[in-house]
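Here is the structure we will look at, set down as structure tokens.
Atom set for the values below is all heavy atoms of this structure, side chains included, hydrogens, waters and symmetry mates excluded. We count residues from 1, following the sequence as given.
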Amino acid sequence: MNRRRKYRIWILWCLGLDLLVIGCMGYRYLDRRIPDEIHVQKEQEIKLEQILEHPLLTFEDAVSVSGTGSYTIGCSIMGVIPFKEIRVIPSESRSVYVSGSTVGIYMETDGVLIIDTGEILSEEGISREPAKNVVKPGDYIVAFNSQVIHSKRELIEDIRALDGQDVEVEVLRNDKIIPLTLTPVKDVQGAYKLGIWVRDNTQGIGTLTFVDEDGRYGALGHGISDIDTGKLLKIESGALYQAEILGVQKGSNGNPGELAGLIRYDSDRVIGSIKKNGENGIYGNFTGPLDQITLMRMPMAYKQELEIGPAQILCCVDGQVSAYDAEIVKIDLNHEDTNKSFVIHVTDQELIDKTGGIVQGMSGSPVIQNEKFAGAVTHVFVQDSTSGYGIFAETMLENSGKNQQ
């Protein structure tokens, strides 16, 4: 095979790979541009083709789905290559009370969270690590010698009573209960230790997004993860508190800022219970008082109603909720991370002067577009504090109705 022929084959391989990459990227673009499921107000069903219109896609006739009131629409690329089926759900228009008020968050874990293992200097002067390779960071201790464990205090009391015998613990790992055996080590003070670092609660500042007609609220727009393990916290209970803003650490490129707040954990300052800590926010029942929290009734926008262009962010950075100008610059109707469904950019110079843009503590700030509740701010870009991600309002509303008592 001469050199020229080898070169032609190499060029063809490169072209083939380029076409494959372009095809994969194009398919991914279309997949994220066209949702798998869409809620449509009944009076808007006739506009469905306009909502999903794309020059590369051809939509087929609707196919009924019995018993649900919804239906599916098949679509193909250029009318030839099958692409996906879209489930269309006729829905009633909804209204909620949007907020933007800063709130304090306190949550207790479901069991005692193990954040790491550590060495113990034994009475013989030897460093030992009895829990290493037995328990893992992110495990939850739920039982100790067959006794249910609810808090770190209970665990400490049980460890103080150890006499050197092996102990049986049950941990929750990846939603499975796993029995484990640990051998305690007597330290130089004569106390028995297991060599584990644990935590059973967390607290912080966030923003209340909305309260619905049934008194259920949604906040943050993203879940609360443990600072050490990075895993979403499994909670047993929690409460929402009134909070006061004390100051703002401005954000800058490469350095996200934050709101500094004061939370008084008094019973008369509780405004809600926390029932769920999920990937798309924290949810529970709102209990008031109404005169201490900003709430404004507003219709909800379904995700396909969002558009590139002007919007507003409701947030509290100086003691009262205010509306600040912003713009939605990108919309992803089918993002795999549903709390990163659109990109919002702060344009209001007053907010930029106060905070640098989006800062930690603003998660959950409602996004308003065309006088409708469109979604909430969830993340700030580390390299651009004026921009961040948002979650669709309909995603938060859907989550507020799940797994609540």
Scan side-chain atoms only and decide if Thr109 and Asp200 contain a donor-acceptor pair under the 3.5 Å cut-off.
no

Contacts of type ring-ring contact (aromatic ring centres under 6.0 Å, His included), residue Tyr324, not counting sequence neighbours
none

Roughly how far apart are Ile358 CD1 and Ile344 CD1, rounded to 0.5 Å?
6.5 Å

Using side-chain heavy atoms (C-beta onward) and a distance below 4.5 Å, is Gln312 in contact with Asp325?
yes

Pairs touching residues 249-269 that satisfy ring-ring contact (aromatic ring centres under 6.0 Å, His included), sequence neighbours left out
Tyr106-Tyr265, Tyr241-Tyr265

Find the distance between CG (Asp110) and CG (Leu233) and round it off to the nearest 0.5 Å.
11.0 Å

Should Leu314 and Ser99 count as side-chain neighbours, where that means a heavy-atom distance under 4.5 Å?
no

Out of curiosity, Leu182 CG to Ile196 CD1, how far, rounded to the nearest 0.5 Å?
7.0 Å

Just list the side-chain donor-acceptor pairs under 3.5 Å for residues 373-386, sequence neighbours left out, or say none.
| from | atom 1 | to | atom 2 | distance (Å) |
| --- | --- | --- | --- | --- |
| Thr378 | OG1 | Asn339 | O | 2.6 |
| Thr378 | OG1 | Tyr389 | O | 3.2 |
| Asp384 | OD1 | Thr386 | N | 3.2 |
| Asp384 | OD1 | Thr386 | OG1 | 2.6 |
| Asp384 | OD2 | Ser387 | OG | 3.1 |
| Ser385 | OG | Gly356 | O | 2.8 |
| Thr386 | OG1 | His345 | ND1 | 3.3 |

Is there a side-chain contact between Val96 and Thr209, using heavy atoms and a 4.5 Å cut-off?
no

Closest non-hydrogen contact found for Thr287 with Gly272 is OG1-N, 3.3 Å

Below 4.0 angstrom, N of the basic side chain to O of the carboxylate: do Arg128 and Glu119 qualify?
no

Using a strict cut-off of less than 4.0 Å between a Lys/Arg side-chain nitrogen and an Asp/Glu carboxylate oxygen, indicate whether Arg264 and Asp266 qualify as a salt bridge.
no

For the pair Tyr192 and Ile159, evaluate side-chain contact (heavy atoms from CB on, under 4.5 Å) and give the outcome as yes or no after the intermediate values.
CA-CA 7 Å; Tyr192 284 101; Ile159 292 175; 5.6 Å; no

Using salt bridge (Lys or Arg N to Asp or Glu O under 4.0 Å) as the criterion, point out the one residue from Glu307, Glu305, Glu394 that pairs with Lys372.
Glu305

Do Val317 and Ile245 come within less than 4.5 Å of each other through their side chains, counting heavy atoms only?
no

Salt-bridge test for Lys152 and Glu157: reply yes if a basic N is under 4.0 Å from a carboxylate O, no otherwise.
no

Do Ile331 and Leu333 have side-chain heavy atoms sitting under 4.5 Å apart?
yes

Is the backbone of Gly100 close enough, under 3.5 Å, to the side chain of Ser365 for a donor and an acceptor to pair up by distance?
no

Carefully, step by step, assess Thr183 and Asp166 under the rule side-chain hydrogen bond (donor to acceptor under 3.5 Å, both in side chains).
CA-CA 5 Å; Thr183 301; Asp166 288 352; 2.7 Å; yes

Is a donor on one side and an acceptor on the other found under 3.5 Å between the side chain of Asn277 and the backbone of Ile224?
yes

Applying side chain to side chain donor-acceptor pair (under 3.5 Å), name anything that partners Glu327, two or more places apart in sequence or on another chain.
none

Let me confirm one number: the CG-SG distance from Leu351 to Cys315, rounded to the nearest 0.5 Å.
5.0 Å

List in chain and number order the residues that pass salt bridge (Lys or Arg N to Asp or Glu O under 4.0 Å) with Asp318, two or more places apart in sequence or in another chain; answer none if no residue qualifies.
Lys354

Contacts of type salt bridge (Lys or Arg N to Asp or Glu O under 4.0 Å), residue Glu168, not counting sequence neighbours
none

Distance check, rounded to the nearest 0.5 Å: Ile391 atom CD1 versus Lys303 atom NZ?
11.0 Å

N/O donor-acceptor pairs under 3.5 Å from side chains in residues 134-143, not counting sequence neighbours:
| from | atom 1 | to | atom 2 | distance (Å) |
| --- | --- | --- | --- | --- |
| Asp139 | OD1 | Arg173 | NE | 2.8 |
| Asp139 | OD2 | Lys136 | N | 2.8 |
| Asp139 | OD2 | Arg173 | NE | 3.3 |
| Asp139 | OD2 | Arg173 | NH2 | 2.7 |
| Tyr140 | OH | Lys234 | N | 2.9 |

Can you sort out the partners of Gln349 under side chain to side chain donor-acceptor pair (under 3.5 Å), two or more places apart, ordered by chain and number?
Asp353

Less than 4.0 angstrom from a charged side-chain N to a carboxylate O is my criterion; do Arg269 and Glu244 meet it?
yes

Would the distance check show the side chain of Asp348 and the main-chain N or O of Glu350 forming a donor-acceptor pair, the cut-off being under 3.5 Å?
yes

Residues forming a side chain to side chain donor-acceptor pair (under 3.5 Å) with Asn280, sequence neighbours excluded:
Thr338

Tell me whether the count of non-hydrogen atoms from other residues, nucleotides or ligands lying under 6.0 Å of CD1 in Ile227 goes above 12.
no

Side-chain touch Met300/Phe210, heavy atoms, less than 4.5 angstrom:
no

Show your working on side-chain contact (heavy atoms from CB on, under 4.5 Å) between Arg297 and Ser95 and close with a plain yes or no.
CA-CA 7 Å; Arg297 187 178 176 85; Ser95 293; 3.8 Å; yes

Smallest separation among heavy atoms of Gln242 and Ile263, with atom names
O-CG2, 4.2 Å

pair Arg94-Pro299: side-chain heavy atoms closer than 4.5 Å
no

Going by salt bridge (Lys or Arg N to Asp or Glu O under 4.0 Å), name the residues that satisfy it together with Asp226, two or more places apart in sequence or in a different chain.
Arg199

In short, ring-ring contact (aromatic ring centres under 6.0 Å, His included) pairs touching residues 143-178 with sequence neighbours left out are none

For side-chain hydrogen bond (donor to acceptor under 3.5 Å, both in side chains), just list the numbers for Lys250 and Asn255, CA-CA rounded to whole Å, side-chain angles, deciding distance to a tenth of an Å, and then say yes or no.
CA-CA 9 Å; Lys250 289 185 64 173; Asn255 182 30; over 6 Å; no

Restricting to non-hydrogen atoms, name the atom on Ile205 and the atom on Gly261 that form the minimum distance, rounded to 0.1 Å.
CD1-CA, 4.1 Å

Minimum heavy-atom distance between Gly104 and Ala243, given as atom pair plus value
N-CB, 3.6 Å

What is the distance from atom CG of Asn145 to atom CG of Leu162, rounded to the nearest 0.5 Å?
7.5 Å

What heavy-atom pair brings Leu194 and Ala131 nearest, and what distance separates the two atoms?
O-CB, 3.5 Å

For the side chain of Thr355 and the backbone of Val359, is there at least one donor-acceptor N/O pair under 3.5 Å apart?
no

Check for a donor-acceptor pair, side chain of Asn174 on one end and backbone N or O of Lys176 on the other, with a separation under 3.5 Å.
no

Compare all side-chain heavy atoms of Pro130 with those of Ile120 and state whether any distance is below 4.5 angstrom.
yes

With sequence neighbours left out, what residues match Lys186 under side chain to side chain donor-acceptor pair (under 3.5 Å)?
none

Under the 3.5 angstrom rule, does the side chain of Asp337 hit a backbone N or O of Lys340 as a donor-acceptor pair?
no

